[in-house]
Each structure stands twice: as C-alpha cells, then as structure tokens.
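Naming: A, B, ... by sequence-line order, numbering from 1 per chain.
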2 protein chains.
Amino acid sequence: MAVKELSQIERQLAILRRIPTEPQKVTVNDLIEYLESSHNLGNLSKRSIQRDMAMLERVFGVHVKTMGRENYYYFPQGSHISLKKMGPDLALGFLLMEKYTHSLLPEASLDALAPYFKEAKLALKNEKYKYADWEKRVAIYPKVYPLEPAKFNANHLLDIYKALLLNKQFKMNYTKKGGETKDYIVNAQGVVQQEQVSYLIATYDGQKAEGLIQFAIHRINDIEILDSQPKQIAGFDIREYLEQGGLDISLYQEQNLELVFNKPTAQHLNETPLSKDQQWTELKDGRVRVTATINITQSIKWWLLGFGDQVEVIKPKAFRDDMKKTVQGMMELYCRNSK
Amino acid sequence: MAVKELSQIERQLAILRRIPTEPQKVTVNDLIEYLESSHNLGNLSKRSIQRDMAMLERVFGVHVKTMGRENYYYFPQGSHISLKKMGPDLALGFLLMEKYTHSLLPEASLDALAPYFKEAKLALKNEKYKYADWEKRVAIYPKVYPLEPAKFNANHLLDIYKALLLNKQFKMNYTKKGGETKDYIVNAQGVVQQEQVSYLIATYDGQKAEGLIQFAIHRINDIEILDSQPKQIAGFDIREYLEQGGLDISLYQEQNLELVFNKPTAQHLNETPLSKDQQWTELKDGRVRVTATINITQSIKWWLLGFGDQVEVIKPKAFRDDMKKTVQGMMELYCRNSK
DNA sequence: TGCAGTGCGTCATATTGCGTCGTAATTGGT
DNA sequence: ACCAATTACGACGCAATATGACGCACTGCA
C-alpha cells in the first residue's frame with residue numbers, strides 16, 4: 001500500500017470512523033496507532049490529533065471524558081450522524097421495517113435504530129411528502145389475531161444473539177412447563193422466531209439424552225453470558241433443522257396431500273398456493289380437488305381444521321382417519337351437553 | 001439567527017447534506033443559494049464551492065456529470081457513507097429487520113437499504129464477533145406454514161405508499177375475483193398487511209355504493225400515479241377501521257367468550273392470552289375454563305376450530321350453535337364416503 | 001516525592017484555502 | 001452566425017489556518 005498523504009479532512013474522517021459508541025471509548029494514542037497501522041503514515045504529531053478531537057467534538061458531537069490524565073472519546077448511545085439526505089425509497093423502507101418489527105426487536109436494538117426511524121420520518125415531512133397521517137393509514141394486522149403477544153424480555157433475546165455471535169456459553173434460569181425453575185449451562189445452536197414467540201434451540205451441560213432442546217424465550221428468567229466456549233454441533237443448520245420438523249413434526253411419511261374444497265374457499269389457494277406443485281381440479285359436484293406435495297405437520301392439520309366443513313381430507317388415508325377421529329371427538333363435545 | 005462563520009469542514013458537510021441521490025442532481029448555483037439562505041452568509045465565492053465539490057468527489061464519491069456548461073452533482077443510487085462505526089446492537093437490529101422484512105419490502109426500498117445491511121454484516125465480522133454462521137442459526141418460521149407467499153409485485157405497494165404520501169389519486173388496472181380486469185381511479189385511504197397478503201383500502205371514482213373497498217395488492221396489474229388529489233375521508237384512521245372489523249367482521253354482538261380447553265392445550269394461553277382480562281379456572285373434570293372479552297370474528301372461529309376436540313365453545317350460545325353446525329357438516333363429509 | 005505521560009496554551013513556520021484573473025467551452029438571443 | 005453571458009477550471013499571490021515544537025500544569029505510579 002502506498003503511503004498516501006492524508007489531508008486534514010481525510011484524517012479527521014478516518015478518526016471519526018474509529019470512534020466507538022458509549023460503552024467503548026478511545027484515546028488519542030489508540031487513534032495514532034490506528035492511523036499509523038491502517039493508513040501507514042508515521043509523520044503525525046499527537047498535538048494534531050488532539051486538535052482534531054476538539055474539532056470533532058464541536059462539529060460532530062463526539063463526547064469527551066477526562067479520566068485521570070487521559071481523555072477518552074466516544075459517541076453517546078443513540079447518536080447518529082447523517083451526511084446524506086435520506087431519499088423517499090429509503091425512508092419508506094425504514095418506516096415499513098419499523099412497523100413490521102418494532103414489537104419483535106430487543107430494546108437495545110430499537111434504541112440504536114431510533115435515530116434512523118426519526119430521520120426517515122423527517123425525510124418524509126417536507127413540502128412534497130405528507131407523512132402527517134402515515135400512522136393512520138398503514139397497519140400490520142396479524143391473522144392469528146386473538147393472541148396477545150407473549151411478554152418476553154427482548155433483552156434476553158439480545159443476550160442469546162450475543163452469545164451466538166461471540167461463540168460463548170451462557171447460564172440461564174428457566175421456568176419449566178410444570179412451573180419449577182432450573183439453571184442451565186447452555187450451548188446455543190440457534191434461534192427460531194414463530195409469530196410472537198421465539199425459541200432457543202440448544203443443548204445444555206449435563207443433558208441426559210442426546211438431541212436439541214427447545215426453550216421458549218419468554219420463560220427465561222435470567223441470562224448471564226459466560227466466558228467458556230459452547231459445545232457446537234458440527235454443521236448445524238437451522239434450516240435443515242426446521243425442514244426435518246424441528247418445531248413442527250411431520251405426522252406421516254407420505255407427502256401427497258389430496259383435499260376437496262368448496263369452491264369459494266379454494267379460491268385463495270390460487271394466490272397463496274400450498275406448494276409449488278399444487279394441482280387444482282374442478283369436480284362435477286362443484287367442489288375443487290387440490291393436490292400438493294407437502295410435509296403433513298401438526299400445523300397443517302390445525303390449518304385445515306380451521307376451514308371446518310369447507311374442506312375434506314382425502315389422502316393420505318391415515319390423515320383422513322385422523323381428521324375423522326378428531327371430528328368425532330368434537331361431535332361428542334357439542335352433542336353431549338346439549339342433549 | 002446569528003451569521004455564523006462556517007469553517008471549511010462545516011461548509012463542506014452542509015453541502016454534502018444537500019446533495020441528492022441519482023435521479024435528482026444539484027448545481028453549484030443551487031448550493032450557493034442554499035448556503036446563503038439556510039446559513040445566511042453571503043461572503044462565499046463560487047470558486048470555493050467548485051473546489052469543495054472536487055474534494056467531495058474525491059473523498060465521498062460524489063458523482064459529477066458535465067452537461068453542457070454546468071456540472072451536476074449527485075450520489076449514485078445505493079451509495080452510502082458511514083462515518084460512524086456500527087455498534088453490535090445496531091448491527092443486530094439491522095440483521096433482524098432484514099430477516100423479518102426482506103420478503104415484504106418493495107425492491108426499491110430493499111436496494112436502498114442494502115448498504116445498511118451490508119455494513120451491519122461487516123460490523124459483526126471482526127475478530128470478536130463471529131457472524132459467519134448467522135444464517136445458519138437464526139430463522140423466522142411462520143406458523144401458518146403451508147401457504148407459499150402470494151406473488152405480489154412489491155413495486156405496486158411502493159407506488160401505493162407514494163400515492164398516500166404525496167396525496168395523489170392513482171389509476172390502476174385490477175383483476176376482480178371473477179377474473180375480469182377493470183380500470184379504477186383510486187382514492188387510497190390506507191394499506192393493511194395481513195400475513196403475506198396486503199390490502200389497499202380505498203374508494204374509487206364512479207363507485208356505486210358508499211363505503212370502503214378492499215383491493216388485494218397482488219391482483220393489481222398496473223399502477224399509474226395521477227396528478228389529481230384524492231377524495232379523502234375526513235378523520236380516517238386505519239386502526240378504527242380494523243377495530244370496527246374492516247377485515248375481520250364480528251360474527252356476534254356479544255363479546256363474552258367462554259371456552260373449555262383440555263389442560264395441556266390451554267397451557268399456552270397463559271403465555272399468549274386471548275385478551276387482557278382473560279380468566280382461567282380449572283374444572284373438576286381436569287379441563288380448564290377460559291373466559292375473555294373479545295370481538296368474536298371469523299378468524300377466532302377459524303382459530304378455535306384448529307384445536308379440534310381440544311376445545312369446546314360454551315358461550316355465547318349462538319356461537320356454540322354455529323360451531324355445532326360446522327362440526328355436523330364435517331361429520332357428514334367424513335362419514336358419508338367412508339361408509 | 002520524583003518521573004513519565006498526558007492535555008492544552010502559545011508561538012513561529014509551513015501549508016493550505018481562498019479570491020481574483022484569464023482562458024476555453026457552451027448557451028441563448030437577436 | 002455572432003456576441004454577450006455564464007460556467008468550469010488552471011494559475012497566482014495573499015491571507016488564514018494547520019502544524020510541530022516547546023513549556024506548563026496536572027495525574028498516576030513506583
């Protein structure tokens with residue numbers, strides 16, 4: 001790399017990029033070392049950097065704290081410098097992301113993102129764009145509406161992500177289904193988010209049987225990241241885990257599903273098909289036969305039951321029998337008491 | 001405002017903020033006008049700005065195009081300057097948002113956001129953080145799994161958002177349920193996204209009956225934003241619209257729902273309750289009675305049916321009868337053919 | 001208590017920024 | 001088609017600013 005002379009501005013920008021946010025900080029010496037190694041130039045005096053810092057403090061709001069004899073420089077949390085005006089496409093992207101995710105993200109991330117959202121709103125609040133009633137015009141409306149979201153501590157989620165990224169074990173206190181609490185030393189393998197509920201996929205030290213355990217994140221009471229390395233499972237891939245039915249176990253081996261729908265109900269399967277190879281045939285009695293190759297899981301059964309008498313399962317035979325049995329059970333419930 | 005002398009850097013940053021992205025551009029004269037009006041200072045020469053632009057071109061990658069005798073300056077699309085290093089919380093926030101939303105956002109927004117995601121990945125790819133297998137460890141897994149997402153053109157969604165923000169009418173070609181297509185001049189009122197499907201809530205010119213119409217966005221074939229102003233409904237609020245059952249009509253007036261669950265099934269209602277006032281009582285036969293005040297909608301019925309024989313609807317009576325009728329219908333389906 | 005290291009004010013010097021001028025190129029009007 | 005007006009840009013010289021050296025005050029450590 002050629003030793004390129006840096007002009008004042010370029011040097012100051014290089015410094016700026018090196019300044020971390022609040023919990024971390026940087027000294028003038030760190031900066032000198034960085035500039036010398038990264039931009040290999042040795043002819044810079046400490047005094048210049050000190051002067052640069054004074055300027056950065058004034059113009060960019062870099063904070064400075066004198067601890068002992070040294071000055072430490074850092075950005076306050078949630079600070080944000082935008083040099084470029086946000087375009088409408090970008091601003092819209094941010095606003096949509098905020099709508100979609102604000103109930104799902106950990107607080108710390110939301111706080112960090114807040115300036116971006118704020119800037120996006122500002123970008124759409126000029127003479128041309130009328131952001132004014134965005135809130136009144138756009139909504140996300142989950143289909144599985146009845147449920148209030150599980151009150152989970154998103155900070156625990158953040159800790160888990162950190163453990164994953166830092167490749168560390170962690171200790172957690174967890175409330176088991178029965179209600180007892182227990183401490184685990186956890187080897188996190190992955191995280192799955194399903195609707196409003198997140199699951200940690202992991203093994204733990206002292207586990208009796210082999211295999212991956214699912215922990216619901218909202219049942220975690222406390223997390224502490226440890227320094228030790230987790231026992232990783234070689235070649236773990238969350239997508240494979242899910243495909244093999246990690247959360248949602250296939251009820252049958254057979255994957256050829258055959259259904260008969262009432263026509264109006266079947267209509268929307270044209271728009272959101274069951275699978276890519278879905279077939280759609282009209283029958284003589286006005287109903288519609290739909291076939292698809294798909295893992296038949298508990299959630300498929302749940303989904304089909306939701307249609308009530310609008311759909312009939314034909315194949316696989318075992319699945320049909322299962323449905324029939326369920327319906328008979330329901331029949332008992334509703335006819336027993338009303339007699 | 002006091003006439004503040006701007007140092008070189010401050011002036012250059014002020015200029016930087018004024019430079020738009022690709023389709024738009026800016027001339028030196030525009031910049032002078034801006035600086036004089038916005039930072040009221042008149043003592044700057046054109047030559048200085050020209051020199052500043054040369055510097056911004058070199059350091060920040062501002063693009064310049066000489067058209068005729070003037071130079072036009074702009075940022076290329078998808079460019080991004082980051083002065084501040086992304087912290088891990090922020091980076092994580094971006095990565096999660098990408099996971100959650102990348103299938104939902106319009107392309108143009110995704111393109112604009114791409115540099116942020118890229119930067120986030122870079123931020124987690126250092127000696128401390130092991131971003132390496134993030135993709136293999138974190139997944140979003142929708143519960144209503146069977147359905148492939150409706151192939152909707154997210155760019156149409158973007159156009160609708162733009163029409164909303166710019167307060168314009170638009171013309172669209174739409175495929176109706178029957179299969180015929182029709183042109184509409186649309187007064188957009190709002191947008192609702194439900195799972196994988198988005199709906200435009202609007203009125204249109206020449207509408208016969210009063211009231212808001214729902215258009216599925218994936219059935220829109222073409223959109224063209226017009227210059228005319230839409231006929232707005234005073235005080236429209238999408239949340240009110242949804243609460244009053246815009247998408248999901250209440251089946252009954254009564255809101256006191258009473259259910260009896262098998263205990264294992266009821267368990268998770270503790271974590272994700274039906275409503276905030278949900279009551280939970282164990283019965284003598286080991287089952288659990290759950291009461292809640294809630295709009296009883298089609299989606300609630302659908303959700304309850306999904307539980308099959310694990311739940312029994314007690315109140316309201318009309319709802320119980322409705323369920324019973326549905327179950328009888330199902331019974332017929334499964335017993336008729338198997339005889 | 002003394003030494004080494006840091007921050008910061010000051011001052012002379014070197015560098016850079018800046019306005020002016022001149023030239024080439026382009027545009028629009030008569 | 002020509003001229004006036006405007007723009008970009010290189011060159012030049014002066015003024016402003018950045019830079020490095022030095023010294024002083026302060027802090028932490030031995």
Quick check on DNA chain D: between A/Asp52 and B/Arg51, whose nearest nucleotide comes earlier from the 5' end? B/Arg51
Quick check: does any side chain N or O of A/Gln189 sit under 3.5 Å from a backbone N or O of A/Asn187, one acting as donor and the other as acceptor? yes
Rounded to whole Å, please give me the gap between CD1 in B/Ile15 and P in C/dG17. 13 Å
Of all residues at least two apart in sequence or in a different chain, which pass the ring-ring contact (aromatic ring centres under 6.0 Å, His included) check with B/Phe60? none
For DNA chain D, which residues of residues 63-73 of chain A approach it to below 4.0 angstrom with any heavy atom? A/Gly68, A/Arg69
What closest approach, in Å, do A/Lys65 and A/Tyr74 show between heavy atoms, and which atom pair accounts for it? CB-CE2, 4.0 Å
D/dT17 C1' sits how many Å from A/Arg58 CZ, rounded? 13 Å
Considering just the side-chain nitrogens and oxygens of B/Ser48, establish if one lies under 4.0 Å of OP1 or OP2 belonging to C/dG19. yes
Taking atom types as modelled, is there a side-chain donor on B/Asn173 or B/Asp222 under 3.5 Å from an acceptor on the other? no
Figure out the CD1/P separation between B/Ile49 and D/dT6, and round it to whole Å. 18 Å
Would you please confirm or rule out a distance under 4.0 Å between OP1 or OP2 of C/dC8 and any side-chain N or O of A/Gln50? no
Closer than 4.0 Å, any side-chain N/O of B/Lys46 to the OP1 or OP2 of D/dT7? yes
Expressed in angstrom and rounded to an integer, what is the separation of A/Ile32 atom CD1 from D/dT19 atom P? 13 Å
Once you measure the plane-to-plane angle for A/Phe94 and A/Tyr116, does it fall in the parallel (<30°), tilted (30-60°) or perpendicular (>60°) bin? parallel
Quick check against the 3.5 Å criterion: does B/Glu36 have a side-chain atom that pairs as donor or acceptor with the backbone of B/Glu33? no
What is the separation between atom CD on B/Gln8 and atom C1' on D/dT17, rounded to the nearest whole Å? 10 Å
Result of checking B/Arg47, B/Gln8, B/Gln12 against B/Asp52 for side-chain hydrogen bond (donor to acceptor under 3.5 Å, both in side chains): B/Gln12
Looking only at the side chain of A/Arg47 (C-beta and beyond, no hydrogens), which of the listed nucleotides D/dT19, D/dT7, C/dT10 gets closest? C/dT10
Using whole Å, what does the distance between atom P of nucleotide D/dA18 and atom CE of A/Met55 come to? 9 Å
How long is the line joining CD of B/Gln12 and P of D/dT17, in whole Å? 14 Å
Specify the separation, in whole Å, of atom CE of B/Met53 and atom P of C/dG17. 16 Å
